[in-house]
Amino acid sequence: MKSKLALPALVFVLCSSFGTFLPDSEQKPINRPPNIILILIDDMGAADVGCYRPNSSASSLPPTPHIDRLAAEGIQFTNYYSAAPICSPSRVGLMTGNVPGKWRITSFLADRKHNRTCEQADFLDASAPSVARELKAAGYVTAHFGKWHMGGGRDVDNAPGIRQYGFDAYASTWESPDPDPLLTSTDWIWAKSDSVKRWNRTAYFVDKTLGFLKRNSDKPCYINLWPDDVHTPWVPDETTLNEFPKGTEKPREFKTVLAELDRQIGRLMAGLKALGMDENTLVVFTSDNGALPTFQGSRSGLFRGSKLSLYEGGIRMPFIVRYPARTPKGRVDNLSVLSAVDLLPTFVSLAGKKGRNTGADGENRAGVLLGKPAARKNPLFWEYGRNTESFRYPAGRDKSPNLAMRQGHWKLLVNADGSGTELYDLATDPAEQTDVAAQHPKLVDEMRPKLMTWRNGLAKE
């Protein structure tokens, strides 16, 4: 990813506990907590978003003007990490504020046999911390619209319902305990007979989001807007469905799906303005994990790796924050290192409440999201691949060791058995091209025991 210099700092005045930064004396403070919309795209690579591309003018990918506008009207972060390089554990990290291994979620959730082989649970324990539950305690109404994939589907018929995690309303897909019948006419992820066609799903979830906000305009709202675009297979229209009944993974169809996703983000933002909720709505845009296929790495940009990899291309994601009442515009934050596990304590703080002791692994980064860059206090840790039987890694040089740690600007990767140690200086080598473990043995000896201790402390199946 090309480094971008942050714009010069502006001086703002903070007014009241939920006040607005005042660039002039005419604006009035907003005296209620913000609406929060967490947009989680499925399998979006770092370079799928135009403003994150190393050289957008030379990119073969379509422009994303509406997503880019989010960044232009807010803050674009360049050091945000998902909790895992694959969907189910990455979502658990967002939901709970915990590293997903604590809740025995280590790979994508599927049928019971698959889950046993992956050494994981069948669903997220309903007693786990939940950002929705925490925000309900702070006076919010809550909704989940989109992909769930934290339990339910296939032969897992005892997963807790979505309401048990603190959501007042929901509409979800087949990989959930509560699939929307308009999206799931058959016992599978999508079908030609679905009332809401595959290519209209993101629009459907945007409509649900705007409808929920309108119905609850007198209360602060928290919404997960989690479309299952841009995950494969791609089915951008009925013509494609007739030509490829099971969808496709070809670049032409991906480009159409990406362009439509961008258009729907534009519809969402226009809808917020029409409802008069634009100023006091915090919109967070990110992805659950990296891209696959990457089209020879183009969707990962400068980063090495993809979905299923602990190299940067699998876990370092776009992250955009727009909150006009309180954030500056057009900032690029290259300093702050953020993680999915930070969002629970951060959102609770932005809601104006002191969170209960949830045992969150993340840090409260509310100040960072409001435009005050800050270094991270604690290291970040990841795992992916508890055995070689059930975990499909990407091929070739994108295959990473199964443990990783970031401490400052250093990134250590190693296998759980102690083999395959690699060290990268992300300040000078974000593409992870040069392993410098041999040049820094003392640093390796300091970091590796921390990573192993962390791994050994996670729940076992």
Report task. Inspect the contact between Arg91 and Asp42 and indicate whether a charged nitrogen and a carboxylate oxygen are less than 4.0 angstrom apart. Result -> yes
Query raised in the report: Around atom NZ of Lys102, are there more than 12 heavy atoms of other residues, nucleotides or ligands at under 6.0 Å?
Result: yes
**Report entry** Which atom of Val283 lies closest to which atom of Leu70, heavy atoms considered
**Finding:** CG1-CD2, 4.4 Å
Report task. Using the six-membered ring wherever Trp is involved, compare the ring planes of His144 and Phe167 and label them parallel, tilted or perpendicular (cut-offs 30° and 60°). Result -> perpendicular
Query raised in the report: Are Lys377 and Glu363 within salt-bridge range, i.e. N to O under 4.0 Å?
Result: no
Query - Test: Arg104 cationic atom under 6.0 Å from Phe123 six-membered ring centre, within 45° of axis - result: no
Report task. May I ask you to check whether Asp229 and Thr202 show a side-chain donor-acceptor distance below 3.5 Å? Result -> yes
Query raised in the report: Would Trp234 and Phe244 satisfy ring-ring contact (aromatic ring centres under 6.0 Å, His included), going step by step from the backbone distance to the final call?
Result: CA-CA 9 Å; Trp234 297 309; Phe244 303 101; over 10 Å; no
Query raised in the report: Take atom CD in Gln296; do more than 12 heavy atoms of anything else shown fall under 6.0 Å from it?
Result: no
Query raised in the report: Can we say Lys250 and Glu253 salt-bridge, meaning some charged N sits less than 4.0 Å from an Asp/Glu carboxylate O?
Result: no
**Report entry** Side-chain H-bond candidate by donor/acceptor type, Ser336 with Arg376, under 3.5 Å
**Finding:** no
**Report entry** Salt bridge present between Glu312 and Lys411 (N-O < 4.0 angstrom)
**Finding:** yes
Query - Charged N-O contact under 4.0 Å between Lys329 and Glu73 - result: no
Query raised in the report: Just wondering, are more than 12 heavy atoms of other shown residues or ligands nearer than 6.0 Å to NZ in Lys197?
Result: yes
Query raised in the report: Parallel under 30°, tilted from 30 to 60°, perpendicular over 60°: which one fits the rings of Trp174 and Trp188?
Result: tilted
Query - Donor + acceptor pair across side chains of Asp180, Tyr204 (<3.5 Å) - result: yes
Report task. Run the salt-bridge test on Arg53 and Asp48 with the 4.0 Å N-O cut-off and return the result as yes or no. Result -> no
Query raised in the report: Is the shortest side-chain N to carboxylate O distance from Asp228 to Arg198 below 4.0 Å?
Result: yes
Query raised in the report: Is the closest basic N to carboxylate O distance between Arg322 and Asp278 below 4.0 Å?
Result: yes
Requested in this report: Please work out which of the three classes, parallel, tilted or perpendicular, describes the rings of Phe319 and Tyr80, given edges at 30° and 60°.
Outcome: parallel
